[in-house]
Structure formats: structure tokens, C-alpha cells
Amino acid sequence: MPSITAVHPSLRRSANRRLVWVAPLLTIAAVLANVGIRALAVAAGWVPHNFAYLEAPMVIGATVVLLILACVAFVIVGRFARQPVRFYRRLAVLALLVSLLDPVMARAGMFPIT
């Protein structure tokens with residue numbers, strides 16, 4: 001027989017409080033990682049330094065905006081899902097696969113890149 005566990009509201013609030021500290025640290029780490037990967041790709045010659053979508057300000061802005069959306073999605077999933085971490089992992093994998101559609105389509109010639 002499956003057991004039913006209820007999450008006390010104070011535990012939910014403390015998890016949201018932790019998210020307030022973890023989200024900015026995660027954002028800083030992700031921005032540094034993405035800018036580092038961009039610098040490596042430009043230095044190796046894989047990406048031109050003036051490619052508009054991979055210039056440093058665009059990478060930083062996209063990282064910050066998308067991580068804010070991910071944190072909001074995590075809070076929403078945590079509020080309504082029975083198993084929030086498991087559901088969020090599935091949602092994140094789905095979002096990753098959708099995000100890979102543009103490069104795959106560009107490589108296949110279905111999405112023009114200037």
C-alpha cells in the first residue's frame with residue numbers, strides 16, 4: 001500500500017527561502033560557464049567572434065532570463081505536483097530537447113542562418 005505524505009507549509013516556505021539564495025548563485029555559475037564555453041568556441045574557431053546570437057551580452061541575457069523562467073517553473077511545479085523533483089526533471093529534459101531543435105534544423109538545412 002502506498003503511503004501518503006503531506007508536506008508541512010513551513011517546510012515548503014523554507015524550501016522557497018532556500019531558492020531565493022540558490023537561484024542567484026546558480027545564475028552566476030551558469031553565466032560564467034556559458035561565457036567560458038563561448039570564449040572557448042571562439043578561440044577554437046568553431047564560432048565567429050561577431051556571430052550576433054553568440055556574442056557575450058546575448059549569452060548573458062539569455063542565460064539570466066531562461067534561469068529565471070526555470071526557477072519560476074520549479075516553484076510552480078513544487079506547488080502543484082505530487083512528486084515535484086521527478087516531474088521537474090522530466091520537464092527540464094523536454095525543454096532541453098525542444099531547445100536542441102534549432103541547431104538540428106539549422107544543420108539539416110531546414111532553418112536558415114545568416
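It should be emphasised that the depicted structure is a prediction, and the values quoted were computed from it without experimental measurement. Only heavy atoms go into these numbers, but all of them, side chains included; no hydrogens, no water, no symmetry mates.
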Of the non-hydrogen atoms in Val47 and Phe51, which two are nearest, and what is the gap between them?
CG1-CB, 4.1 Å
Is it the case that one hydrophobic cluster holds both Val31 and Val65, taking links as side-chain heavy atoms less than 4.5 Å apart, direct or via other members?
no
What's the spacing between Leu69 CG and Ile76 CD1 if we round to 0.5 Å?
9.5 Å
Which value, rounded to the nearest 0.5 Å, describes the distance between Leu94 atom CG and Ser99 atom OG?
10.0 Å
Side-chain heavy atoms nearer than 4.5 Å, only ILVMFWY residues, links allowed to pass through others: does that put Leu91 and Leu67 together?
no
Are Met58 and Trp46 connected into the same hydrophobic cluster when the rule is that any two of I, L, V, M, F, W, Y join if their side-chain heavy atoms are below 4.5 Å apart?
yes
Looking only at heavy atoms, what is the nearest atom pair of Val77 and Pro84, with distance?
CG1-O, 3.5 Å
For the OG1 atom of Thr27 and the CG atom of Leu66, what is their distance to the nearest 0.5 Å?
10.5 Å
Given Val35 and Ile60, is the side chain to side chain contact (heavy atoms under 4.5 Å, CB included) satisfied, shown in steps?
CA-CA 7 Å; Val35 170; Ile60 293 169; 3.7 Å; yes
Looking at Arg38 and Leu54, would you say the former's side chain and the latter's main chain have a donor-acceptor pair under 3.5 Å?
yes
Should Val93 and Leu96 be marked as a side chain to side chain contact (heavy atoms under 4.5 Å, CB included) after you check the CA-CA gap, both sets of side-chain angles, and the distance that decides it?
CA-CA 5 Å; Val93 167; Leu96 176 64; 5.6 Å; no
Determine whether Phe80 and Val72 fall in the same hydrophobic cluster, where Ile, Leu, Val, Met, Phe, Trp and Tyr are linked whenever their side-chain heavy atoms lie under 4.5 Å apart.
yes
If you look only at pairs with a residue in residues 82-109, which of them pass as a ring-ring contact (aromatic ring centres under 6.0 Å, His included), with sequence neighbours excluded?
Phe74-Tyr88
